[in-house]
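Each chain gets a letter, A, B and so on, in the order its sequence line appears, and its residues count up from 1. Any value given below was found using the heavy atoms of this structure, including those in side chains, with hydrogens, waters and symmetry copies removed.
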There are 2 protein chains.
Amino acid sequence: MKPKLQDVAKAAGVSPTTVSRVLNDRGYISQETREKVYQAMKQINYIPNDLARSLYNKRTHLVGVIVPSTSNPFFGELVSHIENYCNEKGYKVLLCNSLHEAEKEKKYWEMLLRNQVDGVIVVSYNRGLIDLRQQLPAIAIDHYLSKHIQVVSSDNFQGGQLATQALVDKGCQHIIHINGVSTLETPANDRRSAYQQVMRENGRTPINYEVPDVAFLADNMDTIKQLFQEHPEVDGIFASDDMLGLLVLQYARQHGYRVPEDLKIIGYDGTELIRTLHPELATIMQPIAQIAEKSVELLDLQITNKDQPLTAEVLPVSLWKGDSIR
Amino acid sequence: MKPKLQDVAKAAGVSPTTVSRVLNDRGYISQETREKVYQAMKQINYIPNDLARSLYNKRTHLVGVIVPSTSNPFFGELVSHIENYCNEKGYKVLLCNSLHEAEKEKKYWEMLLRNQVDGVIVVSYNRGLIDLRQQLPAIAIDHYLSKHIQVVSSDNFQGGQLATQALVDKGCQHIIHINGVSTLETPANDRRSAYQQVMRENGRTPINYEVPDVAFLADNMDTIKQLFQEHPEVDGIFASDDMLGLLVLQYARQHGYRVPEDLKIIGYDGTELIRTLHPELATIMQPIAQIAEKSVELLDLQITNKDQPLTAEVLPVSLWKGDSIR
DNA sequence: TGCACCATGTCAATCGGTTGACATGTTATT
DNA sequence: AATAACATGTCAACCGATTGACATGGTGCA
């Protein structure tokens with residue numbers, strides 16, 4: 001059987017209370033006893049049971065993190081940063097891949113509640129899922145979920161403006177925007193709005209393509225093909241994420257478009273991965289590490305300070321001037 | 001205060017034992033009572049406390065997953081699949097990004113033990129970290145850690161052979177291999193051994209470049225530059241992962257090498273992401289989903305059946321014939 | 001000498017749920 | 001009418017640690 005606190009006490013020749021005092025650094029303990037206890041713990045290979053501790057303390061130091069999928073490099077990087085910051089602050093991460101499925105996400109929320117997580121960081125595009133009766137500390141990344149949930153995001157509208165304006169400034173006449181499913185309330189919607197606004201401000205007609213929610217990234221190529229067939233005059237494309245942008249680049253190269261001479265392309269997200277593998281792809285960089293840091297920081301504040309005012313944090317984005325828009 | 005089982009009992013007008021019986025589906029319960037209890041739970045918004053349950057049952061349904069970092073698309077995809085399969089089997093994932101740091105990994109192991117995880121799935125290149133006195137169910141992916149820990153991997157030696165042989169078959173005369181730090185006992189070592197063997201079998205001298213462990217992917221470019229300067233005759237490169245392969249491709253294009261005419265390149269891993277964004281890059285595909293599935297399956301077996309024999313699972317890899325070796 | 005502080009122990013309650021033992025009563029079944 | 005199965009309740013122990021209340025001595029200092 002696993003050794004427990006009692007066993008440590010026995011091995012060290014002290015009372016269980018004393019062991020607990022050493023463990024939690026409370027009350028008076030002589031250096032001598034402290035060492036005796038640590039010795040005993042090492043000797044019998046004792047490992048405290050955090051379940052029992054948490055049960056009593058009503059504090060698990062667990063944080064639930066819900067994202068669509070770590071397969072997507074944006075979320076992979078985001079989660080990696082979140083986990084790092086959590087670790088720094090002593091939190092452990094329960095990972096949930098919702099795969100954009102509302103049903104799954106709902107089950108994850110319940111699971112997290114059953115597990116008594118201290119808080120949740122969620123990237124969700126399904127509003128109205130969360131039962132507001134429970135006042136669990138939570139941060140929504142990049143999307144407004146309800147007035148009880150604090151939002152951390154980058155400035156998607158600004159990003160959309162930056163991207164579109166960059167294409168306009170470079171002299172593109174026929175700029176088209178591609179984005180994901182618009183029925184989901186994703187931040188991409190703000191990017192699209194910004195695109196439309198900038199287009200109108202410049203006397204252009206916004207044209208929009210929407211890729212369906214596909215199982216395989218590669219299937220998005222169909223939509224791209226369609227775009228080029230229906231709009232051979234296109235000379236600027238703003239894709240709402242880098243993967244789409246790269247697929248466009250791929251298509252363009254295969255079909256004899258010179259980039260950036262014939263066609264300029266700008267993506268969105270600017271993960272380290274894509275920026276490294278494709279420095280030529282212009283993109284809007286989201287401050288991924290900062291989003292993660294801010295989220296963890298604010299969540300921690302919510303957890304430790306009750307009645308924290310819920311301010312919305314909007315972090316600035318920046319333009320990565322790749323060759324695809326030169 | 002959060003409602004507890006007692007409160008449900010009160011609300012439903014039954015005894016706590018009855019509620020517990022309903023919850024755990026034990027003993028005799030009439031349909032009527034069952035519904036009354038469920039009603040009460042919904043009404044007072046009751047959520048069972050899994051800490052308390054787990055404490056008594058000595059079963060948390062938690063699985064620790066340790067990987068270097070989900071920022072890397074290979075691990076991002078792997079983790080995503082692992083999490084999915086875990087979810088199917090009722091396990092929850094505690095995510096740990098070890099960042100290749102032995103010290104961090106050690107702390108994570110301890111953390112997982114404190115949290116009473118049912119088992120661990122680990123991608124670790126640091127042998128000898130785990131204290132073998134504790135017999136925790138565990139699976140090591142792609143690396144032998146100790147004789148008490150079951151290994152699931154793809155056939156790295158075969159992968160190395162396939163890759164090198166492909167380059168040889170396509171007529172490359174000067175094939176060079178690039179891989180990561182060899183002081184870490186990574187599976188890349190097997191790939192390198194296979195490369196060396198195939199080279200010798202074909203009467204060639206293996207040449208090896210090693211990229212240091214860098215903070216930024218882009219820094220690997222220095223090593224690549226060096227390789228080309230020292231070996232301008234190179235006409236075939238086997239990179240031990242796709243990101244390195246793509247950096248080589250990037251360098252080659254920038255420096256006027258025609259791929260595959262002047263230089264053939266093959267990578268390793270074959271994540272869905274890279275295969276989609278770079279179908280032209282030949283690579284060795286690891287069966288990521290299968291590795292994940294097998295790992296979860298075997299871990300579950302270890303957890304439920306004590307004294308499971310520990311067989312090593314080696315899954316086959318396959319060649320993705322991209323244009324970079326045509 | 002007396003008081004404050006240090007060091008440790010005993011004991012029981014608590015966190016929230018689970019379970020076995022046992023009692024009591026109601027329905028079916030034969 | 002006897003027996004078995006069904007339905008529910010009471011009670012206490014338990015999972016492993018934490019904590020407050022209280023007791024007992026020792027040491028240092030005013």
From [atom1] of [X] over to [atom2] of [N], roughly how many Å is that when rounded to an integer?
X       : N      : atom1 : atom2 : value
B/Asp50 : C/dG17 : CG    : C1'   : 10 Å
A/Tyr56 : D/dC15 : OH    : C1'   : 16 Å
B/Leu23 : C/dG16 : CG    : P     : 15 Å
B/Arg59 : D/dC14 : CZ    : P     : 24 Å
A/Lys10 : C/dT10 : NZ    : P     : 12 Å
B/Leu51 : D/dG16 : CG    : C1'   : 12 Å
A/Ile29 : C/dA7  : CD1   : P     : 8 Å
B/Tyr28 : D/dG9  : OH    : C1'   : 16 Å

Quick one about [Y] and [X] (side-chain donor to acceptor, distance below 3.5 Å, no hydrogens or angles considered), yes or no?
X       : Y        : result
A/Asn84 : B/Asn97  : no
B/Glu35 : B/Gln39  : no
A/Tyr91 : A/Asp300 : yes

> Donor-acceptor pair under 3.5 Å: do we get one between A/Arg21's side chain and the base of C/dG9?
Replying inline: yes
> Is the base of C/dC11 touched by the side chain of A/Thr17 through a donor-acceptor pair closer than 3.5 angstrom?
Replying inline: yes
> Does a nitrogen or oxygen in the side chain of B/Asn57 sit under 4.0 Å from OP1 or OP2 of D/dC14?
Replying inline: no
> Quick one: is A/Asn24 getting a side-chain N or O under 4.0 Å of the D/dT18 phosphate, OP1 or OP2?
Replying inline: yes
> Toward the 5' end of DNA chain D, which comes first, B/Gly27 or B/Leu55, by nearest nucleotide?
Replying inline: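 In this pair, the answer is B/Gly27.
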Please tell me which of the listed nucleotides, [options], lies nearest to the side chain of [X]?
X       : options                : value
A/Ser15 : C/dT10, C/dC15, C/dG20 : C/dT10
A/Ser20 : D/dT18, D/dG9, C/dG9   : D/dT18
A/Arg53 : C/dT18, D/dT18, C/dG9  : D/dT18
A/Ala52 : D/dG16, C/dG9, D/dG9   : D/dG16
B/Lys4  : D/dT18, D/dA5, C/dG17  : C/dG17

> With A/Asn24, which residues qualify under side-chain hydrogen bond (donor to acceptor under 3.5 Å, both in side chains), at least two apart?
Replying inline: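 Counting only residues at least two positions away or on another chain, A/Asn24 forms a side-chain hydrogen bond (donor to acceptor under 3.5 Å, both in side chains) with A/Ser20.
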> Taking B/Asp118 as the fixed residue, which of B/Lys58, B/Arg59, B/Gln302 is the one that meets the side chain to side chain donor-acceptor pair (under 3.5 Å) rule?
Replying inline: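 For B/Asp118, the side chain to side chain donor-acceptor pair (under 3.5 Å) test succeeds with only one of B/Lys58, B/Arg59, B/Gln302, which is B/Arg59.
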> Is B/Val19 touching bases, backbone alone, or none of the nucleic acid, heavy atoms closer than 4.0 Å?
Replying inline: nothing
> Quick one: side-chain contact (heavy atoms from CB on, under 4.5 Å) partners of A/Ser71, sequence neighbours excluded?
Replying inline: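 For A/Ser71 the side-chain contact (heavy atoms from CB on, under 4.5 Å) partners, ignoring immediate neighbours, are A/Ser69, B/Glu77, B/Ser80.
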>> I'd like to know if the side chain of B/Asn49 and the backbone of B/Ala52 have a donor-acceptor N/O pair within less than 3.5 Å.
In response: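 A pair under 3.5 Å: yes.
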> DNA chain C: A/Lys58 or B/Arg26, which has the more 5' nearest nucleotide?
Replying inline: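 Looking at DNA chain C, the more 5' nearest nucleotide goes with A/Lys58.
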>> Counting primed atoms plus P, OP1 and OP2 as sugar-phosphate and everything else as base, spell out the protein contacts along nucleotides 24-30 of chain C at 4.0 Å heavy-atom distance: B, S or - for each nucleotide, 5' to 3'.
In response: -------
>> Return the OH to OG distance between B/Tyr108 and B/Ser124, rounded to the nearest 0.5 Å.
In response: 13.0 Å
